[in-house]
Amino acid sequence: MAEETGQEKTEEPTAKRLKEAREKGDIPRSRELSATALLLASAASALLFGSQVAGSMMDIMVESFTLDRQDVFDPSRMFTHLGEALYDGFLSLWGFFLLTLLAALLSPIALGGWNFSGQAIQPKGSRINPLSGIKRMFSLKALIELFKGLAKFLLVGSFAIMVLWLDQPDLIALAREAVEPAIAHSLQILGWSFLVMSLSLIIISLIDVPFQLYDYNKKLKMTMQEVKDEMKNTEGKPEVKGRIRQLQREIAQRRMMSEVPEADVVITNPTHYAVALKYDQLGGGAPRVVAKGADFVALKIREIAEEHDVPLLSAPPLARALYHATEVGDEIPAGLYQSVAQVLAYVFQLKRYKQRLEEAPTPLRDEDIEIPEEFRRDPEE
């Protein structure tokens with residue numbers, strides 16, 4: 001993509017890009033870190049279990065070469081001796097196997113974590129393509145691996161020479177020791193030498209791990225266009241999202257309009273705003289806004305109210321206050337209780353007058369409705 005558009009990969013990889021790479025088995029890995037962990041575990045095993053392993057091996061050798069007449073003339077006994085020797089050898093090495101197994105399982109957690117990907121083991125033609133293989137051989141990454149190998153050789157070799165130089169007196173002293181003490185002593189020297197040389201690889205790991213993280217991040221970096229395309233694919237194109245929002249508004253508006261015939265009163269501006277209120281006298285709550293709108297929506301609310309004989313009351317200050325202070329479905333704020341109570345009382349008196357149950361109420365004027373200062377809105381709003 002970067003080559004096609006001419007854009008540089010300057011953006012950090014998104015969470016989606018990182019997740020897709022992980023699903024493909026593409027995660028940061030350091031072979032040097034894993035190798036160092038295994039070598040250190042092996043060296044620790046040699047130091048911890050070396051004497052035990054040496055004793056077990058000597059017992060196995062003594063038992064294997066101590067044969068009676070029956071064993072010599074019975075070929076089947078040879079297989080029995082071999083099985084026993086293998087079993088005893090495995091038991092003596094269980095500590096070594098356990099530590100190296102734990103190192104192999106836990107070392108990936110330090111960088112990249114465990115990852116199981118079916119896509120990573122799928123056969124791909126590019127893996128057996130000779131041209132791709134030649135390209136990888138002469139790539140920058142291959143050159144870095146070459147320098148890394150040379151650095152490991154020089155570093156470990158230098159530590160090995162230093163260890164041999166320091167252990168020179170002990171190595172010479174082995175020739176004057178008895179067989180069994182010499183074997184134990186040699187294993188001790190070997191274990192410590194192995195540990196020191198393994199520790200030298202920590203230097204390589206400290207360099208390789210940051211490089212692998214940098215190289216992985218650089219490989220997954222994105223161009224600005226790729227980020228935009230991903231956002232479109234993830235969140236949807238702007239025109240589609242706009243259409244969805246429009247449909248949601250239309251559905252909400254239809255639901256709101258269906259509540260207008262049940263309203264007790266519609267308070268208007270009289271042209272710009274319309275707010276439909278319903279009061280459940282048995283419910284005990286405050287009057288509730290069942291519909292509200294401005295301009296065209298307000299006109300539609302008034303038309304539906306007229307069709308269903310819902311009282312319309314022109315009270316511009318109160319209409320503006322209710323429109324800006326409430327949402328559809330909300331109860332009116334406490335500060336407007338008295339104002340709305342005046343309107344509802346007038347509306348209920350008007351209904352009883354139409355039913356010839358009361359005398360005609362005194363017309364309710366705008367100045368008769370008290371609006372708290374914090375709810376007042378200018379006509380331009």
Side-chain angles (χ1 to χ4, degrees), residues 235 238 241-355 358 360-381:
E235 301 178 4
K241 292 171 63 179
R243 178 58 179 163
I244 292 174
R245 285 196 294 267
Q246 181 184 351
L247 291 173
Q248 290 173 339
R249 286 194 297 269
E250 291 176 356
I251 293 172
Q253 194 175 102
R254 285 197 294 269
R255 188 183 302 115
M256 180 181 69
M257 294 301 180
S258 66
E259 297 284 340
V260 175
E262 304 298 324
D264 292 315
V265 64
V266 174
I267 303 173
T268 66
N269 194 29
T271 55
H272 293 297
Y273 299 116
V275 180
L277 299 177
K278 182 176 179 58
Y279 177 50
D280 184 3
Q281 300 182 48
L282 300 178
R288 185 170 54 88
V289 177
V290 296
K292 75 170 191 175
D295 300 327
F296 176 77
V297 178
L299 176 62
K300 190 66 177 175
I301 291 174
R302 290 196 298 271
E303 290 178 354
I304 296 175
E306 290 174 351
E307 291 176 3
H308 294 83
D309 294 327
V310 176
L312 293 171
L313 179 67
S314 176
L318 182 57
R320 289 194 298 267
L322 288 169
Y323 181 85
H324 290 288
T326 61
E327 296 294 336
V328 176
D330 292 349
E331 291 185 350
I332 63 171
L336 295 175
Y337 280 178
Q338 183 176 350
S339 306
V340 173
Q342 290 178 269
V343 171
L344 291 176
Y346 172 74
V347 169
F348 292 147
Q349 289 176 4
L350 193 61
K351 286 183 177 179
R352 293 179 65 82
Y353 166 70
K354 291 181 179 180
Q355 297 172 358
E358 290 185 3
T362 303
L364 187 64
R365 299 173 302 175
D366 291 348
E367 53 268 24
D368 296 332
I369 303 175
E370 299 180 3
I371 307 294
E373 192 63 34
E374 65 268 23
F375 290 101
R376 288 187 175 275
R377 293 293 186 273
D378 295 333
E380 291 78 12
E381 295 184 14

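One is the number of the first residue; the rest follow in order along the sequence. Since the structure is predicted, the reported quantities are computational estimates derived from the model, not experimental observations.
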- Identify, with sequence neighbours excluded, every residue that meets side-chain contact (heavy atoms from CB on, under 4.5 Å) alongside A345. none
- Item | Sequence-distant partners of V347, side-chain contact (heavy atoms from CB on, under 4.5 Å), two or more places apart | V265, P311, V343, K351
From [X] atom [atom1] to [Y] atom [atom2], the distance as rounded to the nearest 0.5 Å:
X: L277; Y: D264; atom1: CG; atom2: CG; answer: 8.0 Å
X: R376; Y: R320; atom1: CZ; atom2: CZ; answer: 9.0 Å
X: I267; Y: S314; atom1: CD1; atom2: OG; answer: 10.5 Å
X: L350; Y: L313; atom1: CG; atom2: CG; answer: 9.5 Å

Kindly give the heavy-atom pair with the smallest separation between [X] and [Y], and that separation in Å.
X: A263; Y: A276; answer: CB-CB, 4.0 Å
X: S339; Y: L318; answer: CB-CD1, 3.9 Å
X: K292; Y: Y323; answer: NZ-O, 2.7 Å
X: P317; Y: I371; answer: CB-CG1, 4.1 Å
X: V340; Y: P287; answer: CG1-CG, 4.0 Å

- Item | Geometric class of the F348/Y279 ring pair [parallel <30°, tilted 30-60°, perpendicular >60°] |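 Tilted: the ring planes of Y279 and F348 meet at 30° to 60°.
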- Are any side-chain N or O atoms of K278 and backbone N or O atoms of E262, one a donor and one an acceptor, separated by less than 3.5 Å? yes
- Query: Can you name the ring-ring contact (aromatic ring centres under 6.0 Å, His included) partners of Y346, sequence neighbours left out?
  - Reply: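 Checked Y346 against ring-ring contact (aromatic ring centres under 6.0 Å, His included); zero matches.
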Could you tabulate the donor-acceptor pairs under 3.5 Å formed by side-chain atoms of residues 296-309, not counting sequence neighbours?
unit_1	atom_1	unit_2	atom_2	d
R302	NH1	P270	O	3.0
H308	ND1	I304	O	3.0

- side-chain contact (heavy atoms from CB on, under 4.5 Å) assessment of D295 paired with H272: CA-CA 5 Å; D295 300 327; H272 293 297; 3.5 Å; yes
